[in-house]
Amino acid sequence: MVDSPHGTVRIGLGLVGARDLSTFADEFDELLHALDASAVDSLWLADIASKSVVDPMVGSTWAAARTRTLKVGTGVTVLPGRNPMLLASELASLAVLAPRRILPVFGLQAAQPQTGSCTPYRAGALRRSRSPSWCCAGC
């Protein structure tokens with residue numbers, strides 16, 4: 001956060017597939033420490049299944065554990081591609097371990113057409129069945 005004569009300005013940094021995971025892994029921890037020590041308020045991790053980037057839930061967990069004040073957000077988690085019960089449990093646990101620092105954002109459709117094949121629905125229509133596609137066979 002930065003104080004100005006007009007009020008407080010919050011600055012966030014979004015990582016939207018800018019780097020490949022194999023080259024970024026070593027630098028991620030260094031980036032977290034720099035952000036935590038700076039005026040940056042939040043880090044946003046994109047949910048892009050078609051690219052080799054830091055997964056937003058794994059990255060948020062790592063960032064929350066390695067920093068003291070940095071808020072961590074998911075820059076739109078695509079719900080149809082995830083088990084909602086597990087996702088809710090993960091977020092609830094993170095919210096307890098890092099109070100007031102977890103900022104989840106959700107969407108119902110992939111932002112990029114090539115990512116759409118990674119989710120269990122056809123373009124334009126959510127899949128409907130008696131049991132959710134993520135549910136075990138015994139449901």
Side-chain angles (χ1 to χ4, degrees):
M1 290 190 301
V2 177
D3 290 323
S4 76
H6 305 290
T8 301
V9 177
R10 292 190 168 103
I11 300 169
L13 174 70
L15 297 180
V16 186
R19 303 286 300 275
D20 187 75
L21 186 58
S22 61
T23 59
F24 186 61
D26 295 334
E27 300 167 5
F28 190 55
D29 214 29
E30 187 177 320
L31 173 68
L32 293 175
H33 290 296
L35 292 175
D36 202 31
S38 72
V40 172
D41 179 67
S42 56
L43 172 67
W44 297 87
L45 301 171
D47 189 8
I48 305 174
S50 63
K51 288 189 173 185
S52 177
V53 296
V54 175
D55 176 80
M57 291 309 300
V58 174
S60 295
T61 303
W62 184 262
R66 303 292 292 171
T67 61
R68 290 272 190 222
T69 60
L70 186 68
K71 294 176 186 164
V72 186
T74 58
V76 182
T77 300
V78 181
L79 288 179
R82 297 188 180 263
N83 178 323
M85 294 299 288
L86 292 177
L87 182 60
S89 176
E90 292 169 350
L91 288 169
S93 296
L94 272 175
V96 168
L97 296 172
R100 303 175 56 98
R101 296 196 303 135
I102 307 302
L103 308 170
V105 177
F106 305 104
L108 293 176
Q109 191 168 349
Q112 300 173 353
Q114 66 269 23
T115 308
S117 63
C118 301
T119 58
Y121 65 87
R122 292 183 312 277
L126 292 177
R127 184 172 162 181
R128 294 176 189 220
S129 66
R130 297 195 98 214
S131 296
S133 61
W134 49 264
C135 194
C136 63
C139 293

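Hydrogens, waters and symmetry mates are skipped; everything else that's a heavy atom, side chains included, is used.
Pairing each heavy atom of A63 with each of L43, the nearest pair is CB-CD2, 4.5 Å. For the residue pair V58 and D55, the shortest heavy atom distance occurs at N-OD2, 3.1 Å. Taking each heavy atom of D47 and T77 in turn, the nearest pair found is OD2-CA, 3.5 Å. The nearest pair of heavy atoms linking S60 to G73 is OG-O, 4.4 Å. Closest approach of A64 and I102 over heavy atoms only: CB-CD1, 4.2 Å.
Taking D29 as the reference, R66 meet the salt bridge (charged side-chain N to carboxylate O under 4.0 Å, His left out) condition, with sequence neighbours excluded. Checked against side chain to side chain donor-acceptor pair (under 3.5 Å), S89 has no partners two or more places apart in sequence or in another chain.
Residues T74 and L103 are not in side-chain contact: their nearest non-hydrogen atoms beyond the backbone lie 4.5 Å or more apart. Inter-residue side-chain proximity for L94 and M57 is flagged as met; some heavy-atom pair is nearer than 4.5 Å.
At least one donor-acceptor pair under 3.5 Å links the side chain of S38 to the backbone N or O of L35.
Among pairs with a residue in residues 91-101, those fulfilling side-chain hydrogen bond (donor to acceptor under 3.5 Å, both in side chains) read T67-R101, at least two apart in sequence or across chains.
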Please walk me through it: do V72 and W44 pass side chain to side chain contact (heavy atoms under 4.5 Å, CB included)?
-> CA-CA 6 Å; V72 186; W44 297 87; over 6 Å; no
Give the C-alpha distance, both sets of side-chain angles, the deciding distance and a yes or no for side chain to side chain contact (heavy atoms under 4.5 Å, CB included) between L87 and F106.
-> CA-CA 11 Å; L87 182 60; F106 305 104; 3.7 Å; yes
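A donor-acceptor contact closer than 3.5 angstrom links the side chains of D36 and T69.
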